[in-house]
Amino acid sequence: MISKKILDLLNEQIKKEFHSAYLYLGIEAYFQEKGLKGMANWFRIQAQEELDHAIKFFEYVCEVGGLAQLGTLEGVTSTYKDPLEAMKASLHHEQYITKSIYTIVDAANEEKDYKTNSFLQWFIDEQVEEEANAEDNVRNLELVKDHPNGLFMIDREMATRVYVPLTPAGA
Ligand code: OFO
């Protein structure tokens with residue numbers, strides 16, 4: 001059994017991952033309304049991946065004999081000043097999630113909770129990719145500024161992203 005402190009942190013993380021999905025659906029809504037379907041597609045897939053992350057934490061809590069808690073989700077915005085602001089919101093959120101995961105890793109290390117530490121290694125690696133993708137999106141939009149051709153090219157590129165479900169543990 002894991003400690004109450006670790007359990008609480010993991011339960012908070014379940015909520016944060018669901019919140020991430022919510023945030024990204026809000027960004028998708030913004031792009032859908034702007035007719036930027038490729039960017040909307042990218043954020044739909046991002047939201048689906050966040051649901052996978054939430055379930056991964058949920059399953060781990062259940063697996064170690066804890067009671068998984070599902071906190072109340074707050075509303076998110078679907079309104080952004082421009083595409084760059086939406087991309088920056090995503091980058092800042094991923095940086096926040098990385099810190100949150102490191103906090104759980106630190107707590108697990110302090111308690112010599114090796115199994116939680118091992119479970120979290122996947123998320124440490126995942127966050128490297130998550131931040132890199134979000135940084136690329138920001139950088140690309142900064143390069144094209146408001147140039148319609150550039151925006152069109154980025155949108156087309158982002159339309160090619162496909163959802164790859166996580167392989168269930170033990171499969
Ligand atoms: Fe976007 O990251 Fe989840 O964990």
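Both counts, for ligands and for their atoms, begin at 1 and track the order of listing. We use all heavy atoms of the structure for the numbers below, so side chains are in, but hydrogens, waters and symmetry mates are not.
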(message) Whether K4 and D8 form a salt bridge (side-chain N of Lys/Arg under 4.0 Å from carboxylate O of Asp/Glu) is what I want to check.
(response) yes
(request) For D106, enumerate each residue passing the salt bridge (Lys or Arg N to Asp or Glu O under 4.0 Å) test, keeping only those at least two apart in sequence or located in another chain. (result) none
(message) At less than 4.0 angstrom from any non-hydrogen atom of Q46, what atoms of ligand 1 do you find?
(response) 1 (Fe)
(request) Could you tell me whether R44 and E49 make a salt bridge, using a distance below 4.0 angstrom between a side-chain N and a carboxylate O? (result) no
(message) Is a donor from one side chain sitting under 3.5 angstrom from an acceptor on the other, for Y30 and D82?
(response) no
(message) When you compare the side chains of Q32 and E28, does any donor N or O come within less than 3.5 Å of an acceptor on the partner?
(response) yes
(request) Taking 2.8 Å as the upper limit, name the protein N, O or S atoms near atom 3 (Fe) of ligand 1. (result) E17 OE1, E50 OE1, H53 ND1
(message) S90 vs Q46, test: side-chain hydrogen bond (donor to acceptor under 3.5 Å, both in side chains). Steps then yes/no.
(response) CA-CA 10 Å; S90 144; Q46 192 64 22; over 6 Å; no
